[in-house]
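One structure below.
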Amino acid sequence: MIQDTIAKIEARLASTEQLPEEKRRELLELVSRLKEEVHSLSQTHADDARSIAQFAALSTHEATREDVKQPLLDTALNGLARSVQGFESSHPRLVDVVNRICTTLSNLGI
């Protein structure tokens, strides 16, 4: 299920026409790293890993909508950021990747 969710994020990023190519590449690289980190996390915290992937998908959806609704994007990004709270010491790379995804999606300005 997590891999399917990540695949949907990648497909969404690949198909969003208004996304600048540089940002698309950056986000796809971050999602690739997220996939690795979430897979690692899923070995010990499966529910948390699923939540992170789902919040990442929701955040991507809201950030790449044709008509971005800022309150919904803010809520999704907040959920994504909160989904990694508590993993700062055990999974610092995961937290870093999620924070970078949040910042990049927040700054898209589509």
Side-chain angles (χ1 to χ4, degrees):
M1 177 172 165
I2 293 172
Q3 298 305 322
D4 292 339
T5 302
I6 300 289
K8 288 177 184 176
I9 295 169
E10 292 168 331
R12 178 80 182 201
L13 292 171
S15 68
T16 301
E17 293 179 13
Q18 69 268 32
L19 187 61
E21 192 57 37
E22 179 181 329
K23 291 296 181 185
R24 181 187 327 275
R25 281 192 305 272
E26 179 182 357
L27 284 165
L28 286 171
E29 173 61 31
L30 288 170
V31 169
S32 176
R33 291 180 52 205
L34 178 67
K35 184 186 326 185
E36 295 170 15
E37 296 300 324
V38 167
H39 176 71
S40 173
L41 181 68
S42 72
Q43 305 305 309
T44 55
H45 298 85
D47 285 340
D48 292 313
R50 274 191 295 280
S51 290
I52 292 165
Q54 290 171 342
F55 274 115
L58 180 59
S59 297
T60 301
H61 171 78
E62 292 301 334
T64 58
R65 289 172 56 148
E66 198 169 307
D67 179 25
V68 175
K69 300 202 182 316
Q70 196 62 47
L72 293 177
L73 176 58
D74 292 343
T75 299
L77 291 172
N78 186 42
L80 179 56
R82 287 175 158 266
S83 70
V84 295
Q85 283 182 339
F87 292 109
E88 292 87 355
S89 61
S90 63
H91 293 81
R93 289 186 307 236
L94 171 64
V95 175
D96 178 59
V97 168
V98 166
N99 288 338
R100 290 183 59 202
I101 289 171
C102 286
T103 300
T104 303
L105 289 174
S106 179
N107 293 332
L108 278 182
I110 291 179

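No experiment lies behind these values; they were computed from the predicted model shown. Throughout, numbering of the chain's residues begins at 1 and tracks the sequence. What you see below is based on every heavy atom in this structure, not just the backbone, and it leaves out hydrogens, waters and symmetry mates.
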Between Leu27 and Ile9, is a side chain to side chain contact (heavy atoms under 4.5 Å, CB included) present by the stated rule, with each step listed? CA-CA 10 Å; Leu27 284 165; Ile9 295 169; over 6 Å; no
Please walk me through it: do Glu36 and Arg33 pass salt bridge (charged side-chain N to carboxylate O under 4.0 Å, His left out)? CA-CA 5 Å; Glu36 295 170 15; Arg33 291 180 52 205; over 6 Å; no
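Within the structure, every pair that satisfies the salt bridge (charged side-chain N to carboxylate O under 4.0 Å, His left out) test and touches residues 1-10, not counting sequence neighbours, is listed here: Glu10-Lys35.
Around the CD atom of Glu21, the shell of radius 6.0 Å holds more than 12 heavy atoms that belong to other residues, nucleotides or ligands.
In this model, no donor atom of one side chain and acceptor atom of the other lie less than 3.5 Å apart for Arg12 and Thr60.
Between the side chain of Ser59 and the main chain of Ala56, no donor-acceptor pair closer than 3.5 Å is present. Without hydrogens or angle criteria, Asn99 side chain to Val95 main chain gives a donor-acceptor distance under 3.5 Å. Not a single donor-acceptor pair under 3.5 Å links the side chain of Arg65 to the backbone N or O of Leu73. Side chain of Asn107 to main chain of Thr103: a donor-acceptor pair is present (N/O by atom type, distance under 3.5 Å, no hydrogens or angles). No donor-acceptor pair closer than 3.5 Å links the side chain of Gln85 to the backbone N or O of Ala81.
Interatomic distance, Ile2 CD1 to Ile52 CD1, rounded to the nearest 0.5 Å: 8.5 Å. To the nearest 0.5 Å, the span separating OG1 on Thr64 from CZ on Arg24 amounts to 10.0 Å. For the atom pair CG of Asn78 and CG of Asp74, the computed distance is 8.5 Å after rounding to the nearest 0.5 Å. The structure places OG of Ser106 at 6.5 Å from CD of Gln70, a figure rounded to the nearest 0.5 Å.
Side-chain contact between Leu30 and Leu34 is absent, with no heavy-atom pair separated by less than 4.5 Å. Counting only heavy atoms from C-beta outward, the side chains of Glu29 and Arg100 never approach each other to under 4.5 Å. Taking the side chain as every heavy atom from C-beta outward, Phe87 and Asp48 approach each other to under 4.5 Å.
A salt bridge does not link Glu22 with Arg25: none of the charged nitrogens is closer than 4.0 Å to a carboxylate oxygen.
In this structure Arg50 satisfies the side chain to side chain donor-acceptor pair (under 3.5 Å) test together with Asp47, sequence neighbours excluded.
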